[in-house]
Amino acid sequence: MQKIAVIVDSSAALPAEKRNHYHIFQVNVPILFGQETYLGDRDIHNLGQLVEMIKERKELPTTSQPTPGQWEEVLNEAKSAGYKEAVIITLSSGISGAYQTAKLVADDFDGLDDVQVWDSRLTNMAAGEQAILASVLASQGADMSAILAALGELRASTDVRFVVNDISHLKRTGRLSRGQALIGGLLNIKPLLAFDVNGEGKIGAVGKARKMSGARKEIQSAFNQYLSQVDYPVRAYVVDGNNPKLGDKWLKEFKQEYPAVAFERSSMDPVIGVHTGDGAMALIWTRDWESMVEK
């Protein structure tokens, strides 16, 4: 068994079968409806369920970071399972305090020889792929320094574009950091957003479109620019926010247009869905993690 445990939070949107296959531990991110707390991927499993809860309650939820106790609990689970070290991969510190809290817990935790906390500066499968890479490298005997170096390389190769139907959710929850003037006051506009991966991992507006079809073209243009600049295998994820039909359509089209790219499907998890609202769509692209491990 590998000696380094890999831990993510539920915003990474890693399906249970993938977490189990790669032996990845998970901490569930809290979703708050008033005074009631639910856990992403345990109590609320998908964005569709969250949307129905909003309709029933006529109340908009917020999110909170995992508590120190949650991080301690999962580290103790790793210890009990026989692991000697752990790397925690959190959603971007630019949109959550999870990284800072996990770091404080890790620094004080005595049960393992070493606990490192890694800021994905992203979320969804952009963070999930980092966890998969870390786990595979650990299973192949890589030490912590080699794993962290590989995570840095993978993170630097990653980009994402996503489009939301309604920017008000990101404004309400305070997750939009830049580009307000680009979209402020405009009606019937679909904002295009991105993470500042090589900066602080914050979300900012990078464009706008009138229709989802126009947004897709803008996303594809950014993807084309990326592909023209890299010389390594690429993996990409089509992510839908409670719109699986459109997600499947995008996946089919992208697979046909880019046969050399390894495409996968993902869904917007409910934690991130609190901030994006219903109907968001995203394309994540990154170096294919399989090209970074031993065959």
Side-chain angles (χ1 to χ4, degrees), residues 5-16 18-19 24-78 86-109 115 117-128 130-131 164 168-177 195 201-203 239 241-242 266-278 280:
V6 178
I7 302 167
V8 295
D9 63 66
S10 58
S11 73
L14 273 173
K18 279 197 173 184
R19 291 200 313 273
I24 296 171
F25 295 82
Q26 177 175 283
V27 167
N28 301 97
V29 181
I31 298 171
L32 310 178
F33 275 93
Q35 299 300 312
E36 296 184 36
T37 300
Y38 300 85
L39 294 179
D41 198 42
R42 193 194 76 175
D43 304 318
I44 304 177
H45 299 284
N46 53 60
L47 182 53
Q49 185 182 353
L50 179 72
V51 170
E52 289 304 312
M53 291 178 68
I54 292 172
K55 291 177 181 177
E56 291 172 4
R57 293 167 175 263
K58 296 180 172 57
E59 180 181 14
L60 292 174
T62 58
T63 60
S64 180
Q65 58 176 292
T67 65
Q70 286 179 275
W71 294 117
E72 290 173 2
E73 181 180 358
V74 75
L75 287 171
N76 280 316
E77 287 178 17
V87 56
I88 297 172
I89 299 173
T90 71
L91 75 163
S92 175
S93 63
I95 61 172
S96 171
Y99 170 80
Q100 289 82 359
T101 299
K103 188 76 167 62
L104 289 172
V105 172
D107 290 344
D108 290 336
F109 190 78
V115 180
V117 184
W118 178 259
D119 183 357
S120 74
R121 296 192 195 145
L122 292 152
T123 190
N124 202 270
M125 280 303 300
Q130 292 179 28
V164 297
S168 67
H169 296 285
L170 283 163
K171 289 182 177 179
R172 171 179 64 86
T173 58
R175 264 55 179 193
L176 187 64
S177 67
F195 278 84
K202 294 184 177 181
I203 297 172
V239 186
N242 197 33
S266 184
S267 298
M268 203 77 70
D269 81 287
V271 170
I272 300 303
V274 168
H275 307 288
T276 62
D278 195 17

Inset, instruction - Locate the shortest heavy-atom distance separating Ser120 from Ile89; write the atom from each residue and the value. - result: CB-CG2, 4.1 Å

Inset, instruction - With the side chain counted from C-beta on, respond yes when Ile95 and Phe195 share a heavy-atom pair under 4.5 Å apart, and no when they do not. - result: yes

Inset, instruction - Taking all heavy atoms of Pro30 and all of Thr37, pick out the closest pair and write down the distance. - result: CB-CG2, 3.9 Å

Inset, instruction - Find out whether Thr63 and His275 are in side-chain contact, i.e. whether some heavy atom of one side chain is under 4.5 Å from a heavy atom of the other. - result: yes

Legend entry - Check: Gln70 side chain, Thr67 main-chain N or O, donor-acceptor pair, under 3.5 Å: yes

Inset, instruction - Could you tell me whether a side-chain N or O of Ser266 sits under 3.5 Å from a main-chain N or O of Val239, the two making a donor and an acceptor? - result: no

Inset, instruction - Evaluate the side-chain proximity of Leu14 to Ile24: yes if any heavy-atom separation is below 4.5 Å, no if none is. - result: yes

Legend entry - Shortest non-hydrogen contact between Met268 and Ala280, atoms and distance: CE-CB, 3.8 Å

Inset, instruction - Kindly compute the distance separating CZ (Arg121) from CD (Gln130), expressed to the nearest 0.5 Å. - result: 9.5 Å

Legend entry - Any side-chain heavy-atom pair of Leu50 and Phe33 under 4.5 Å: yes

Inset, instruction - For the pair Gln49 (side chain) and Asp43 (backbone), establish whether a donor and an acceptor sit closer than 3.5 Å, ignoring hydrogens and angles. - result: yes

Inset, instruction - Of all the heavy-atom pairs spanning Thr90 and Ala102, show the shortest one and how long it is. - result: CG2-CB, 4.2 Å

Inset, instruction - Looking only at non-hydrogen atoms, find the nearest pair between Thr101 and Pro68 and report the distance. - result: CG2-CG, 3.9 Å

Inset, instruction - Could you tell me whether the side chain of Ser11 reaches within less than 4.5 Å of the side chain of Asn124, counting heavy atoms only? - result: no

Inset, instruction - Rounded to the nearest 0.5 Å, what's the gap from OH on Tyr99 to CG on Leu91? Could you check? - result: 12.5 Å

Legend entry - Check against side-chain contact (heavy atoms from CB on, under 4.5 Å), Ile7 and Trp71: CA-CA 9 Å; Ile7 302 167; Trp71 294 117; 4.1 Å; yes

Legend entry - Asp41 backbone acceptor or donor facing Asp269 side chain under 3.5 Å: no

Inset, instruction - Could you tell me the separation between the CG atom of Leu122 and the CD1 atom of Ile203, rounded to the nearest 0.5 Å? - result: 10.0 Å

Legend entry - Asn28 side-chain N/O to Leu39 backbone N/O, donor-acceptor pair under 3.5 Å: no

Inset, instruction - Check whether any side-chain heavy atom of Ser92 sits under 4.5 Å from a side-chain heavy atom of Thr123, and report yes or no. - result: no

Inset, instruction - Evaluate the side-chain proximity of Glu59 to Glu36: yes if any heavy-atom separation is below 4.5 Å, no if none is. - result: no

Legend entry - Reported CD1-to-OG distance for the pair Ile272 and Ser267, which is rounded to 0.5 angstrom: 13.5 Å

Legend entry - Reported CD1-to-OG distance for the pair Ile31 and Ser10, which is rounded to 0.5 angstrom: 7.0 Å

Legend entry - Side-chain heavy-atom pair Leu75, Phe25 within 4.5 angstrom cut-off: no

Inset, instruction - Working to the nearest 0.5 Å, report the span between CD1 of Ile54 and CG of Asp278. - result: 8.0 Å

Inset, instruction - For Ser93 and Gln100, work out which heavy atoms get closest and say how close. - result: CB-NE2, 3.8 Å

